[in-house]
Amino acid sequence: MKILDLSVELRDRLGSANSRRYRRSGKIPCHLYGGGQDNVNLVTGAKDVENVLKQHTALVKLKLGDQEQIALLREVAWDTFGEYVDHIDFTRVEMSDEVEIKVPVHLVGIPAGASEGGQTVLVMPDLEIFARVDSIPSDIKIDISHLKIDDAVYVDEVTYPPNVRPVPEGRSVIVVLQPPKKVEEPTPEEAAEAAAAEGAAPAEPERVGDEKKKEREKDKE
């Protein structure tokens, strides 16, 4: 996982009112903690945060003047409507630390059962793992080309990169190939309603008596 530079400044004005003022000026309040050091209140540019989120990375190098600190983007708080970032929490890490983090799942290949109408369902789009900071993968690639209908890939079946292991979840399903959905034939009543809705008169089913009447008329001929 790539590490992006993120410039920060000390936040000397605290409180919700000042936080709103920072956001109106294009800055996001941040909080840096952990690593056996004091908690620090910071601010960073909203556009810089947007760039980090677009890169789908959780690792940043916080640059405060001539000081640098590798940090893990631990929590992003959004506004009520999910339109803009309200606050960010960072935690200090060293490259040799092991951290718990979620990374996206990337499916590779076309399932063998796709030709029979099998439908791929990604149950777990993000996978929770333990990983050393210097070994955090950008994603977890899973080959699904062998999957037949009703087959699944479980957490404990995946081959993980070095220094990476899954958070214990037993036999949790990551992806499954489901059978094709059956198309149910409409009942006569449903067919009649559908035809009526389309403005066409539904054809009446022939009764047993009608068939015998036609046979007698043929015999007379």
Side-chain angles (χ1 to χ4, degrees), residues 1-106 124-141 155-156 158-170 172:
M1 180 174 287
K2 65 173 66 175
I3 302 176
L4 298 180
D5 291 345
L6 185 63
S7 297
V8 294
E9 301 172 9
L10 288 175
R11 176 161 53 109
D12 53 0
R13 294 174 294 169
L14 305 180
S16 56
N18 286 318
S19 293
R20 287 193 292 271
R21 292 190 184 96
Y22 278 121
R23 285 189 286 270
R24 284 197 295 268
S25 66
K27 296 182 179 181
I28 305 298
C30 307
H31 189 207
L32 175 65
Y33 61 92
Q37 302 180 45
D38 293 337
N39 296 346
V40 180
N41 297 301
L42 305 166
V43 290
T44 186
K47 291 185 177 180
D48 295 332
V49 170
E50 183 180 349
N51 179 57
V52 169
L53 296 179
K54 284 182 178 179
Q55 296 291 323
H56 300 289
T57 182
L59 281 175
V60 294
K61 182 187 293 183
L62 300 179
K63 308 187 78 169
L64 177 62
D66 58 354
Q67 300 179 36
E68 296 182 349
Q69 171 67 58
I70 302 297
L72 188 67
L73 198 159
R74 180 57 72 184
E75 183 177 356
V76 178
W78 296 80
D79 73 300
T80 305
F81 302 102
E83 295 179 354
Y84 58 84
V85 177
D86 195 66
H87 186 273
I88 298 178
D89 281 347
F90 295 102
T91 181
R92 299 180 183 90
V93 293
E94 299 295 333
M95 298 303 287
S96 59
D97 290 346
E98 184 180 67
V99 296
E100 183 176 342
I101 188 173
K102 284 186 177 182
V103 295
V105 170
H106 179 67
M124 199 179 297
D126 295 299
L127 187 59
E128 198 164 2
I129 59 172
F130 289 117
R132 271 184 33 155
V133 172
D134 60 2
S135 302
I136 298 175
S138 299
D139 56 29
I140 296 294
K141 293 179 174 58
V155 168
D156 58 359
V158 175
T159 300
Y160 296 93
N163 301 318
V164 175
R165 57 192 175 92
V167 174
E169 292 189 29
S172 298

Atom [atom1] of [X] and atom [atom2] of [Y]: how far apart are they, to the nearest 0.5 Å?
X: D48; Y: L53; atom1: CG; atom2: CG; answer: 11.0 Å
X: K61; Y: L4; atom1: NZ; atom2: CG; answer: 10.5 Å
X: Q37; Y: L32; atom1: CD; atom2: CG; answer: 8.0 Å
X: I136; Y: K2; atom1: CD1; atom2: NZ; answer: 14.5 Å
X: H31; Y: N41; atom1: NE2; atom2: CG; answer: 5.5 Å
X: T91; Y: Q69; atom1: OG1; atom2: CD; answer: 9.0 Å

I need the minimum non-hydrogen distance between [X] and [Y], along with the two atoms involved.
X: D79; Y: E83; value: OD1-N, 2.6 Å
X: P162; Y: S135; value: O-CB, 3.8 Å
X: I28; Y: A46; value: CG1-CA, 3.8 Å
X: D126; Y: P104; value: OD1-CA, 3.4 Å
X: K27; Y: E9; value: NZ-OE1, 3.2 Å
X: V85; Y: R23; value: O-CD, 4.1 Å

**Study point:** Side-chain (S172) to main-chain (V155) donor-acceptor, under 3.5 angstrom
**Key:**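 Checked: no pair found.
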Point to revise | Side-chain donor/acceptor of S7 to backbone N/O of K63, under 3.5 Å | key: no
Just wondering, do [Y] and [X] contact through their side chains at under 4.5 Å, heavy atoms?
X: R11; Y: C30; result: no
X: D139; Y: V103; result: no
X: F90; Y: L73; result: yes

Exercise for review: Mind checking ring pair (Phe, Tyr, Trp, His ring centres under 6.0 Å) for H87 and listing every partner two or more places apart, or none if nothing turns up?
Suggested key: none
Consider side-chain contact (heavy atoms from CB on, under 4.5 Å). Of [options], which one does [X] pass it with?
X: V158; options: I129, I140, V105; value: I140
X: I3; options: V60, D134, I70; value: I70
X: L72; options: V133, D97, V99, D89; value: V99

Check your understanding: CG of N39: more than 12 outside heavy atoms within 6.0 angstrom?
Key -> yes
